[in-house]
Asker: 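I'd like to ask some things about the structure below.
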Amino acid sequence: MKKNFFAAFIFILTLLTGCNSTDNNSQQSSVQQDSAVQSQQTAESAGEGQPQAEAQQTAEQQAELPSGNTDAGFGFEALEGRVFDFSSGAGAWCTELSINSDGTFKGIYSDSDMGDTGDDYPNGTRYYCSFTGKFGNLEKVDEFTFKMKLVSLLYDDEPDKEEIIDGIRYIYSSAYGLVGGTDFLLYLPGAKLADLPEGYRGWVGYYYLESTTETELPFYGLYNLNEENGFSSHVYEQQSLAERVAMEISFAEERGAELEAQIQEASSQGDMNAAGAELFRTWDDALNTVWKLLESELDAETMETLRAEEREWIAVKDAAVEAAGQEFEGGSLQPMAEAMKAAELTKERVYELAEYAQ
């Protein structure tokens with residue numbers, strides 16, 4: 001199942017995309033990454049043929065490239081207007097970045113846990129970072145593959161720094177997907193899926209090739225060779241809050257249906273328990289993502305009301321889950337009963353929160 005769409009804060013990313021990433025260098029802490037490891041891994045030549053729209057777009061871009069590009073006639077200009085996503089799929093966490101024509105980039109990493117609260121942070125915990133950096137040494141490998149180096153990676157706040165803002169504990173993090181990498185591959189639309197590494201395909205929805213009729217990559221891809229992390233891309237289009245929330249719910253519904261089928265077909269109680277736990281996590285991830293989307297656009301007064309309502313809901317949910325498990329206390333069915341009740345109530349809550357996006 002492909003999860004190629006971004007979740008929270010994308011409008012912030014779009015505003016920042018066009019900025020010169022060096023403007024803030026005097027205010028940023030630097031985490032410089034040396035180009036120490038020479039890339040040994042490349043994708044094989046992918047044959048001919050691209051999706052018609054992407055092929056036409058690529059041809060037009062290559063025909064009008066300014067000076068300073070690679071000898072292969074391709075440069076970072078082709079990536080402008082696109083957002084690269086590295087995410088869990090259900091939207092629980094996500095790294096997003098955009099690349100400028102000179103190889104500089106800007107992005108964010110975001111995750112949250114509304115249930116991780118304390119006396120000083122009753123509104124939950126957020127893992128977050130805002131970063132800039134630069135790719136360089138763009139070289140052609142084959143028709144659909146380029147290699148490049150991560151020259152620099154800079155953070156607005158040092159990783160592991162913590163602070164509390166508006167009752168939320170912020171734990172500043174690293175740029176998951178980029179950190180630890182020096183060598184990257186850039187895949188062009190049209191690359192043969194069968195020729196791409198499993199480490200990349202697994203992150204962008206093509207791990208099981210037998211389950212898809214597609215044979216070519218339909219988007220630009222970014223692959224961290226050192227960490228085996230894969231980004232997909234899409235052309236940014238402004239969506240309403242309601243559309244973004246509906247998209248996240250659609251992802252959860254699709255994955256939820258798969259897990260419910262697994263529960264029905266499970267051959268052991270252990271398998272049923274595992275699928276039930278995953279079902280709850282799916283809807284809990286969706287809830288956290290929808291919450292982040294609402295928080296990014298709703299006014300402070302509405303959010304304060306919503307936070308109080310959420311705290312009450314969490315207490316009611318926890319009590320209901322405990323009661324569901326007590327019927328089978330100590331038995332093998334207890335984890336299943338608790339997970340299914342938690343998934344049921346969390347799904348209902350996701351739809352309730354979606355009403356605030358209308």
Side-chain angles (χ1 to χ4, degrees), residues 1-5 7 85-95 110-117 124-125 127 176-177 197-212 227-230 232 247-292 310 313-354:
M1 180 178 64
K2 236 177 354 179
K3 300 294 185 298
N4 293 328
F5 297 93
D85 303 302
F86 176 61
S87 70
S88 63
W93 54 263
C94 184
T95 299
S110 180
D111 191 9
S112 64
D113 187 349
M114 293 168 52
D116 184 0
T117 62
T125 298
Y127 302 88
Y176 188 31
E198 286 187 1
Y200 176 74
R201 289 191 283 106
W203 281 108
V204 299
Y206 293 111
Y207 187 82
Y208 299 104
L209 294 179
E210 62 273 13
S211 65
T212 179
E227 300 295 323
E228 296 187 339
N229 296 327
S232 59
M247 185 183 301
E248 294 302 327
I249 291 177
S250 176
F251 293 159
E253 286 280 12
E254 184 178 352
R255 179 57 178 158
E258 294 175 354
L259 291 167
E260 288 171 359
Q262 289 181 21
I263 293 172
Q264 294 297 322
E265 299 167 3
S267 58
S268 69
Q269 187 61 50
D271 290 341
M272 294 177 66
N273 291 348
E278 180 63 23
L279 180 62
F280 166 58
R281 282 194 295 270
T282 295
W283 282 107
D284 191 52
D285 287 345
L287 185 147
N288 283 326
T289 301
V290 170
W291 182 272
K292 287 186 291 186
E310 192 71 6
W313 173 81
I314 290 173
V316 171
K317 182 206 70 174
D318 289 346
V321 170
E322 182 179 358
Q326 285 177 347
E327 183 179 350
F328 307 96
E329 188 170 6
S332 61
L333 287 174
Q334 183 177 2
M336 176 72 172
E338 292 176 344
M340 294 302 290
K341 175 57 70 172
E344 173 193 342
L345 296 177
T346 303
K347 179 179 178 179
E348 291 176 358
R349 183 58 179 163
V350 167
Y351 278 96
E352 290 173 359
L353 291 176

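Treat the numbers as computed from the prediction; the structure is a model and nothing was measured. Worth knowing before you read on, the calculation uses all heavy atoms, side chains too, and leaves out hydrogens, waters and symmetry mates.
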Asker: Quick one: closest heavy-atom pair of Thr117 and Gly124, and the distance?
Answerer: CG2-N, 3.6 Å

Asker: Taking the side chain from Trp203 and the backbone from Glu228, do they hold a donor-acceptor pair closer than 3.5 Å?
Answerer: yes

Asker: With rounding to the nearest 0.5 Å, note down the distance linking CZ in Phe280 to OG1 in Thr346.
Answerer: 4.5 Å

Asker: Could you measure the distance from the CD atom of Glu248 to the CG atom of Leu353? Nearest 0.5 Å is fine.
Answerer: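 The CG atom of Leu353 is 13.0 Å from CD of Glu248, to the nearest 0.5 Å.
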
Asker: About how many Å separate CD of Glu352 and CH2 of Trp313, when rounded to the nearest 0.5 Å?
Answerer: 8.5 Å

Asker: Quick one: does any side-chain atom of Thr125 pair with a main-chain N or O of Asp116 as donor and acceptor, under 3.5 Å?
Answerer: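 It does hold such a pair.
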
Asker: Test of understanding: with side-chain hydrogen bond (donor to acceptor under 3.5 Å, both in side chains), list the residues that count as partners of Tyr351, not counting sequence neighbours.
Answerer: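 Testing Tyr351 for side-chain hydrogen bond (donor to acceptor under 3.5 Å, both in side chains), a comparison that skips the adjacent residues, returns Glu253.
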
Asker: Do you know which two heavy atoms are closest between Asn229 and Gly177, and how far apart they sit?
Answerer: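 Asn229 and Gly177 have their closest heavy atoms at ND2-CA, 3.5 Å.
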
Asker: How long is the straight-line distance from CE of Met340 back to CD of Glu338, given to the nearest 0.5 Å?
Answerer: 13.0 Å

Asker: Enumerate, atom names and distances included, each donor-acceptor pair closer than 3.5 Å involving a side-chain atom of residues 314-332, sequence neighbours excluded.
Answerer:
none

Asker: How many angstroms lie between atom CG of Leu287 and atom OG1 of Thr282, to the nearest 0.5 angstrom?
Answerer: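 The OG1 atom of Thr282 is 12.5 Å from CG of Leu287, to the nearest 0.5 Å.
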
Asker: Could you measure the distance from the CD atom of Gln262 to the CG atom of Leu279? Nearest 0.5 Å is fine.
Answerer: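 So the CD of Gln262 and the CG of Leu279 are separated by 10.0 Å.
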
Asker: Provide the closest heavy-atom pair for Met272 versus Ala266 in the form atom of the first, atom of the second, distance.
Answerer: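 Taking every non-hydrogen atom into account, CG-CB, 3.3 Å.
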
Asker: Below 30° counts as parallel, above 60° as perpendicular, anything between as tilted: where do the rings of Tyr176 and Trp93 land?
Answerer: tilted

